[in-house]
Asker: 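Sharing a structure here in structure tokens format.
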Amino acid sequence: MIKITLPDGNALEFDAPVTGRQVAEKISPRLAKAALAATKNGKAFDLDRPIEEDSEIKILTFDDPEGKEVYWHTTSHIMASAVVRLFPGTQVTIGPAISKGFYYDFDRDKPFTPDDLEEIEKEMARIIQEDYSFHRTELDMDNAKKQFSEMGEDYKLELLDEFEDEIVSTYTHDDFTDLCRGPHLPSTGYVKAFKLLSTAGAYWRGDERNKMLQRIYGISFPKQKMLDEHLRLVEEAKKRDHRVLGTQLQLFTITDEIGAGLVLWFPKGAFIRHQIEKFWYEEHFKNGYKLVNTPHIASIDLWKTSGHLDFYSENMYPSLELDNTTYQLKPMNCPFHIMIYKSDIRSYRDLPIRWAELGTVYRHERSGTLHGLLRVRGLTMDDAHIFCSADQMPQETRRVIEFSLHMLRSFGFDKFNIYLSTRPPKSVGSEEQWEAATESLRNTLEEMGIDYEVDKGGGAFYGPKIDVTLEDNLGREWQCSTIQFDFNLPERFNLSYIGSDGKQHTPYMVHRALYGSMERFFGTLIEFYGGYFPLWLAPEQARVLPISEKHNDYARSVADQLHKAGIRCEVDDRSEKIGYRIREAENQKIPYMLILGDKEKESGVISVREHKVGDHGQSNIDDFVRMVQEKVRNKEIFESTTQTEEKS
RNA sequence: GCCCAUGUAGCUCAGUCGGUAGAGCACAUCCUUGGUAAGGAUGAGGUCACCGGUUCAAUCCCGGUCGUGGGCUCCA
């Protein structure tokens, strides 16, 4: 007899060996039916693999993240076997489950076409129909290498070379065998609904020096309805894409007549940006920052001294020759702030110095990485540099982290990821400097009790950093705030301050941006709000809609009163029906529509309609003004805005 | 940068198996003055991204350039 302990603490006794499936059957027929795999002592385990000794067992269904992983990973094996059936000679490489689905990378001369995908789907359907069981085989390294060498699977051999385990496992269904840790679904028939979504080129191991493989992405579910729902949600998400909303709401455009990655801010977008910047200035003054302003180009010598020419040149635009001087368009603001520091003798009494600038920089990002507002070539950083003494450093980093979180929360963000980025391969400074600086940042994070992940090798060339990322609407992560330690520039520029001991010391330096850049922050805001900007940001807070021509005068007098109260509103008195004009205001995502007809005119009130919600009924003007002012003051966000749009 | 896809009116998209293009919305004018998401009529609007090639003829086929989209380790 062996003892099987369940997640709820209850224990069941079985004759050994027992399988996860038998355990599930004992618990309930429903669980047995939904069971996909198990975990044994916390590690994923095939449902039909014998358990010989006392264990903690959890049965995995599609509701468990690990269950989904098994489901998707198995589907990727099914896809691989279909591809090998249809296109003999294709080498398989790796095919993991990812957060939403799976992919598999193949080495094949010809990329897959959409027609190929259809064929592959049909073949997968056959393989699922034929319901092959998955068999796990364990073998030692020599045999594994022999087997995959005979199969001609070079990539698997490369993987095997890196494994440290003595025993590896393979999974076989039908006549397809793949090197795989597992576990898998019991059989191919477990996959009920799937779809291949896209193809892409992907470098072997993500390294562009390696061969480009052909990747196929897909997803699967235990029910067709779940697949349909998933596809619907993806479609809905596309409507919140900042590029789509940017056009629809006339916020910005990027056109090749200007250049890739260069943004034209339309009046409405520029207004929102202005509000964001105004808030930024106010908060920076409150937090002890002073403003500076600096030019867009500078003598190339500055960039030689700073090290940018050596370490950042691939992202820099070519230099300009003029009057026997070579100028360089700036990719960063830091050297300028440093020169301001150097313009005077600094005392320890002056520190910390905090200088901020909305500084526009140009970076030649690789063409394939450009993406709407989220990765551009001309951008305005909400930059600042802090110069301080060594012992002020922990305090200053802490202040910046708190400041950053305060700023982001003011916009309603409450979900972000925080990373500690360590030394990259191409970088300056000694090992000791990196070690000390990284530890300092780590300590600050830990003292503040902040959860973070380590991004190994993700630091700037001049020092380690803390990054805050926000996710876009399709789950892609983008860097927002960044707080970077720099022990390079103060040395290169020979910065100093006079300490209380009367001697010269080198200051520490922090680079930081809280929004990251105005462009990217705006892009994430558009998606976060789904275009429904909160009142304090909305370019037009209310639209006044007279029912017919005879109410135009009243409409104008209402608009006047609102203007005087500081509310941004327009009158739409075009000779269109009220329904039409409401529809237009809704499409433009204008927060309030004020409908004015005979009833309102007579009693001197307004009828208030809120976007996405509908008619709120009548209100007097003062009450409405107070309500709007209150929401503006609180930076209140519309509840409906952060939810997925219903289908319209 | 690399792989694949793609570029037609302001926007969203049809279309031409090679004979210089079409819809809806938006826009303009007129009619309509209408109570909470599309009233009607008429009209204007395109070097079919750009450069080159094949052809009697190219928006369509071919090559190149530029742009855009998806992707380029969430490791067996």
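Letters A, B, ... are given to chains in the order of the sequence lines, protein chains preceding strands, and every chain is numbered from 1.
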Asker: Grab the CZ-C1' distance between Arg108(A) and C4(B) for me, whole Å please.
Answerer: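 Answer to the nearest Å: 13 Å.
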
Asker: Does a side-chain N or O from Arg583(A) land closer than 4.0 Å to OP1 or OP2 of U36(B), or not?
Answerer: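 Indeed not, no polar side-chain atom of Arg583(A) lies that close.
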
Asker: Counting only side-chain nitrogens and oxygens, does Arg476(A) get under 4.0 Å of the OP1 or OP2 atom of G70(B)?
Answerer: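 Yes.
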
Asker: Can you check whether Tyr104(A) and Phe106(A) have ring centres sitting under 6.0 Å from each other?
Answerer: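 Judged by ring-centre distance (under 6.0 Å), Tyr104(A) and Phe106(A) do meet the cut-off.
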
Asker: Does Ser575(A) have a side-chain nitrogen or oxygen under 4.0 Å from the phosphate oxygens OP1 or OP2 of U33(B)?
Answerer: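 So the side-chain polar atoms of Ser575(A) never come under 4.0 Å of the phosphate oxygens OP1 or OP2 of U33(B).
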
Asker: OP1, OP2 of A37(B) versus side-chain N and O of His611(A): anything below 4.0 Å?
Answerer: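 For His611(A), the contact criterion (side-chain N or O under 4.0 Å from OP1 or OP2 of A37(B)) is not met.
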
Asker: How many Å lie between CG on Leu262(A) and P on G67(B), as a whole number?
Answerer: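 One finds 10 Å between P of G67(B) and CG of Leu262(A), rounded.
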
Asker: Tell me: CG of Leu594(A) to P of U36(B), nearest whole Å?
Answerer: 16 Å

Asker: Starting at CZ of Arg366(A) and ending at C1' of C66(B), how long is that distance when rounded to a whole Å?
Answerer: 19 Å

Asker: Whole angstroms only, please: what is the CG-P distance between Leu196(A) and A5(B)?
Answerer: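 It works out to 17 Å between those atoms.
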
Asker: Could you state the OH-P distance from Tyr104(A) to U73(B), rounded to the nearest angstrom?
Answerer: 17 Å

Asker: Can you tell me the distance, in whole Å, between the CG atom of Leu117(A) and the P atom of G70(B)?
Answerer: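 Going from CG in Leu117(A) over to P in G70(B) covers 17 Å.
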
Asker: Measure the distance from OH on Tyr203(A) to P on U73(B) and round it to the nearest whole Å.
Answerer: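 In whole Å, U73(B) P lies 10 Å from Tyr203(A) OH.
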
Asker: Can you figure out which of U73(B), G34(B), U36(B) approaches the side chain of Lys550(A) most closely?
Answerer: G34(B)

